[in-house]
Amino acid sequence: MKIQDNIDTFNSLVKRRGFIWGPSPEIYGGFAGFYTYGPAGSALKNKILSLFRKELSYFGFLEVECPTIMPEIVWEASGHLERFIDYITRCTKCKSLYRADKILKELLPDTLIDGLSKKELNKLIKTKNLKCPSCDSLLGEIEEYNLMLKTNVGDNNIAYLRPETATTTYLLFNRLDNYARKKYPIKVFQYGKAHRNEISPRQGIIRMRTFDQLELQLFIGKEQEMTLEEYFDVKNEELPFLDWKTQTKNIYKPNIISLEEAINSGVIKKPAFAYCLYISYFLTKRFGYENGLIRLRQHSPAERAHYADDAWDLEIETRQYGWIEICGIHDRTDYDLRRHQEFSKQNFEISMDTSSNKKEIPQVLEIAFGIDRILYTLLESCFDVKEQRINLKLKPFLAPYSVAVFPLIKNKKEIRDLAKKVQKKLLNNRIASFYDETGSIGKRYRRQDELGTPFCITIDYESLEDQSVTIRYRDSMEQERIKINKIPDIISRNLISI
RNA sequence: GCGCUCGUUGUAUAGAGGUAGUAUUCAGGCCUUCCAAGCCUGUGGCCCGGGUUCGAUUCCCGGCGGGCGCACCA
């Protein structure tokens, strides 16, 4: 197969090298929207998470982990039950599926549709004899389509698999208030599975029915949103902003301005929210995306979720799918805590300032990363083909394997033995490494290039005499001579992520 | 979900109503003193179900899955 710098070569690499397999289960023909990470993919994902955890601890975030299944009342309170169930209508003949409110607005532009009940919508469809736009047959009865996966727990308790991790974190509010000893903002995050019953999953792991989220929450006072200290430390940082008003002029090139300028020009209202945008950008940059591939795009008021006062997507440009959201930053106000207070009858009004007796329900700022999308966009943006050589130029600390060890030739026992010894030494230092003696030395280098292994160590005749080896660097393909006892140090130093 | 289209070794592909080639990968061997060399040997495949037929991987129907367009996307 000729190696070409194209998306087909990339897609085949992702499968061949054990990053992503599916749809799973493959041996039964697959189930749309479900994928598996192979060994290389799992390793990459773990390294992504470990970088997140390291950085989040630096920013002062606490980690929690909640159940993925929650009783119905949680979703009633969060608003998901209402918002995630769409009224739909099917054409009686061609079976085309439409969202009831949308199709009614289209067919009856002069009628007020918003807020109508299921019964009223049905009545409209019948009395007006509404017809399917694609085949002109009658539209059927209203049905419900639930984007949340429903299940039964115990005898007959209705429950739902969480469609986001955020809500489950909010349920911990009074515990966290105690734990953090009222030091606001409380910064907390949760990593875990979320599930959505997508009507038609597409684009591989970009839209799955079960996926990984890592969501950061800031519980913060209303006044504190305007005065947050952390903002003043980073207000001169420049980010690629694309606000919604600019988008209405069909301009999609981001404007690189500082957080302070964004606040002053009114693009962002609250310094604390600006700080959240900064965190999302900073964390994303740590993975090594190139500048031109990142933008922060603001949602128009119509595009926002039911809970959001302001919303931005951090997007990465991909060759295969265009701009992809890898992180959503939302100002959820006090919506969630207020609703959970109401439904749970707990008291979430607290005094955040010991000098006054004023009580308030904290505001919530949310930074929601999609881990699978980070993994995909990273793979794609690191994929590099030059002169028939595939190189997956992941940052060394993200590569599934850190080092590969080769004997220069395999039919010389002393060289093999020493190579195996060197690999054992690496393993003893807990450095993820790989031994390979099959094929020519060049072929073995290429194998590791495809996996993104940043360092290869080759043992040759000279090594037997002076205990030195060749270390070969993935991106430059340069080689250096180093002593065997220095290997763990040199590798460890090169793997440091800062 | 609708429409179009596609589904052949791990990957990428060829092909015909009589169960399959090619490239590469992979395993073993020979060779090899640093960037996919060469030679030999070997492993491995027609998405699932039904129908038509003496015979189906090939034709038909249905399902499942992929791609694209529409719809959907908290």
Side-chain angles (χ1 to χ4, degrees), chain A residues 1-4 7-9 11-18 21-34 38 75 78-86 88-91 93-99 102-103 106 132-135 143 145-148 162-164 166-167 194 196-204 206-209 299 303-308 311 320 325 328 330 368 387-391 406-412 415 438-450 456-464 469-474 477-479 481:
Chain A
M1 176 181 51
K2 193 165 183 287
I3 297 169
Q4 291 176 318
I7 213 70
D8 294 333
T9 310
N11 286 332
S12 127
L13 170 89
V14 163
K15 277 186 273 191
R16 275 191 299 119
R17 287 298 176 202
W21 292 325
S24 311
E26 289 184 287
I27 63 167
Y28 289 106
F31 201 26
F34 298 92
W75 309 113
S78 72
H80 285 89
L81 204 52
E82 192 182 332
R83 303 287 177 151
F84 264 54
I85 292 181
D86 286 331
I88 54 166
T89 169
R90 264 176 234 274
C91 168
K93 192 174 165 210
C94 77
K95 306 292 179 204
S96 285
L97 192 70
Y98 301 97
R99 237 178 78 172
K102 293 216 170 171
I103 192 79
E106 191 185 315
C132 168
S134 69
C135 79
E143 305 165 41
Y145 187 87
N146 190 350
L147 224 47
M148 281 197 293
R162 64 182 178 190
E164 62 165 21
T167 285
R196 289 177 201 177
N197 194 14
E198 300 282 356
I199 293 179
S200 55
R202 290 267 176 97
Q203 307 183 318
I206 295 299
R207 252 172 84 198
M208 292 192 282
R209 286 180 164 141
H299 285 198
E303 201 181 342
R304 282 181 210 149
H306 64 277
Y307 47 67
Q320 188 154 226
E325 174 197 355
H330 301 114
E387 288 158 16
Q388 296 288 294
R389 171 179 174 253
I390 296 175
N391 183 20
F406 313 137
L408 182 60
I409 48 170
K410 74 169 166 182
N411 59 3
K412 183 92 183 165
I415 293 182
T438 308
S440 70
I441 189 74
K443 184 178 249 180
R444 284 177 267 161
Y445 284 145
R446 298 300 172 89
R447 271 190 203 120
Q448 296 306 319
D449 290 341
E450 289 191 350
C456 292
I457 284 174
T458 301
I459 284 76
D460 56 19
Y461 287 97
E462 223 179 305
S463 312
L464 299 175
V469 298
T470 302
I471 180 165
R472 177 262 198 186
Y473 299 98
R474 183 193 65 203
M477 292 168 76
E478 275 168 13
Q479 305 190 347
R481 206 72 197 173

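Letters go in sequence order (proteins before strands), and every chain restarts at 1.
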Handout entry: Partner nucleotide of B:U33 by Watson-Crick or wobble geometry (both distances under 3.5 Å)
Key = none
Exercise for the section: Answer yes or no: side-chain N or O of A:Q479 and base N or O of B:C34 forming a donor-acceptor pair under 3.5 Å. Expected result: yes
Exercise for the section: Compare all side-chain heavy atoms of A:R444 with those of A:P407 and state whether any distance is below 4.5 angstrom. Expected result: yes
Handout entry: B:G45 to B:G38 separation - C1' atoms, rounded to the nearest Å
Key = 28 Å
Practice task
Can you tell me the pairing partner of B:U43 across any strand shown, Watson-Crick or G-U wobble, with both distances under 3.5 angstrom?
Solution key: none
Handout entry: Span that lies between the C1' atom of B:C47 and that of B:C64, in whole angstrom
Key = 8 Å
Exercise for the section: Might you point out which heavy atoms bring A:I441 and A:F406 nearest each other, and give the distance in Å? Expected result: CD1-CD1, 3.8 Å
Exercise for the section: Kindly indicate whether the side chain of A:R17 and the base of B:G10 share any N or O donor-acceptor pair separated by less than 3.5 Å? Expected result: no
Problem - Side-chain N,O (A:R16) to OP1/OP2 (B:U11) below 4.0 Å - result: no
Practice task
Look at all strands and tell whether A:R389 reaches a base, only sugar-phosphate, or nothing, counting heavy atoms closer than 4.0 Å.
Solution key: nothing
Problem - Integer-rounded Å distance: B:A71 P and A:E143 CD - result: 20 Å
Handout entry: Sugar-phosphate, base or nothing in reach of A:Y98, heavy atoms under 4.0 Å
Key = nothing
Problem - No-H, no-angle donor-acceptor pair, A:E387 side chain to B:A36 base, under 3.5 Å - result: no
Practice task
Write down the distance separating the P atoms in B:G66 and B:U8, rounded off to the nearest Å.
Solution key: 14 Å
Practice task
Take atom CG of A:L408 and atom C1' of B:C31, then tell me their distance rounded to the nearest Å.
Solution key: 13 Å
Practice task
Round to a whole Å and report the spacing from CZ of A:F84 to C1' of B:C72.
Solution key: 12 Å
Exercise for the section: Just call it for A:R99: base, sugar-phosphate, or nothing, with non-hydrogen atoms closer than 4.0 Å on any strand. Expected result: sugar-phosphate
Handout entry: Short side-chain N/O contact to B:C72 OP1/OP2 from A:S200, under 4.0 Å
Key = no
Problem - Watson-Crick or G-U wobble mate for B:G3, both contacts under 3.5 Å - result: B:C68
Completion exercise
Assign each of A:Q320 and A:K15 the nucleotide of RNA chain B bearing its closest heavy atom; nearer the 5' end lies the nucleotide of A:K15
Handout entry: Proximal nucleotide (of B:G28, B:C73, B:C34) relative to the A:R481 side chain
Key = B:C34
Practice task
Determine the interatomic distance between C1' on B:C46 and the same-named atom on B:C59; round to the nearest Å.
Solution key: 15 Å
Practice task
Specify the separation, in whole Å, of atom CG of A:N391 and atom C1' of B:A36.
Solution key: 14 Å
Exercise for the section: Remember a base hit wins even if backbone is also touched, and classify A:L147 as base, sugar-phosphate or nothing at under 4.0 Å, heavy atoms. Expected result: nothing
Problem - B:U58 pairs with, by Watson-Crick or G-U criteria that keep both distances under 3.5 Å - result: none
Problem - A:I457 CD1 to B:C35 P, straight-line distance once rounded to whole Å - result: 18 Å
Exercise for the section: Give A:K410 one of three labels, base, sugar-phosphate or nothing, depending on what nucleic acid heavy atoms sit under 4.0 Å from its own. Expected result: base
Exercise for the section: Could you check which of B:G28, B:G1, B:U11 has an atom nearest any side-chain atom of A:R90? Expected result: B:G1
Practice task
Name the nucleic acid region contacted by A:E325, choosing base, sugar-phosphate or nothing; use a 4.0 angstrom heavy-atom cut-off, strictly under.
Solution key: nothing
Exercise for the section: Give a yes/no answer on whether the side chain of A:R447 brings an N or O atom under 4.0 Å of OP1 or OP2 in B:C26. Expected result: yes
Fill in the blank from the handout: Pairing partner of B:U19, by Watson-Crick or G-U wobble and under 3.5 Å for both distances, is none
Problem - Any side-chain heavy-atom pair of A:R472 and A:T458 under 4.5 Å - result: no
Handout entry: Distance below 4.0 Å between A:K443 side-chain N/O and B:C34 OP1 or OP2
Key = no
Practice task
Consider the side chain of A:R207, meaning its heavy atoms from C-beta on, and name the nucleotide among B:A36, B:C73, B:C35 that approaches it most closely.
Solution key: B:C73
Exercise for the section: Specify the residue among A:N411 and A:I390 whose closest nucleotide of RNA chain B lies further upstream toward the 5′ end. Expected result: A:N411
Problem - A:Y28 atom OH, neighbour heavy-atom count above 12 within 6.0 Å - result: no
Exercise for the section: Can you check whether any acceptor in the base of B:C47 is under 3.5 Å from a donor in the side chain of A:Y28, or vice versa? Expected result: no
Practice task
Kindly indicate whether the side chain of A:R474, heavy atoms from C-beta on, has any atom under 4.5 Å from the side chain of A:Q448.
Solution key: no
Handout entry: Crowding at CZ, A:F31 (>12 non-hydrogen neighbours, <6.0 Å)
Key = no
Problem - Distance-only donor-acceptor test (3.5 Å): side chain A:R444, base B:C35 - result: no
Practice task
Quote, to the nearest angstrom, the P distance that separates B:U43 from B:U22.
Solution key: 13 Å
Fill in the blank from the handout: Of all heavy-atom pairs linking A:R207 and A:P201, the shortest is O-CB, 3.4 Å
Fill in the blank from the handout: Ranking B:A27, B:G1, B:C34 by distance to the side chain of A:Y445, first place goes to B:C34
Problem - Aromatic ring of A:Y461 stacked on base six-ring of B:U33, 5.5 Å, 30° - result: yes
Problem - Nucleotide B:C68, atom P - distance to CD1 of A:I206 in whole Å - result: 12 Å
Practice task
With the side chain counted from C-beta on, respond yes when A:N197 and A:N146 share a heavy-atom pair under 4.5 Å apart, and no when they do not.
Solution key: no
Exercise for the section: Would you indicate what A:P23 reaches in the nucleic acid, counting non-hydrogen atoms under 4.0 angstrom: base, sugar-phosphate, or nothing? Expected result: sugar-phosphate
Handout entry: Whole-Å distance separating the CE atom of A:M477 from the C1' atom of B:A36
Key = 10 Å
Practice task
Send over the distance from A:R446 CZ to B:U11 C1', rounded to a whole Å.
Solution key: 18 Å
Exercise for the section: Determine the interatomic distance between C1' on B:G42 and the same-named atom on B:U57; round to the nearest Å. Expected result: 25 Å
Handout entry: Backbone of A:F34 reached by a side-chain donor or acceptor of A:R209 within 3.5 Å
Key = no
Problem - Whole-Å P distance, B:U13 and B:C30 - result: 36 Å
Problem - Per A:I199 side chain, nearest of listed nucleotides B:G65, B:C35, B:C72 - result: B:C72
Practice task
Provide the distance between the two P atoms, one in B:C54 and one in B:C68, to the nearest whole Å.
Solution key: 43 Å
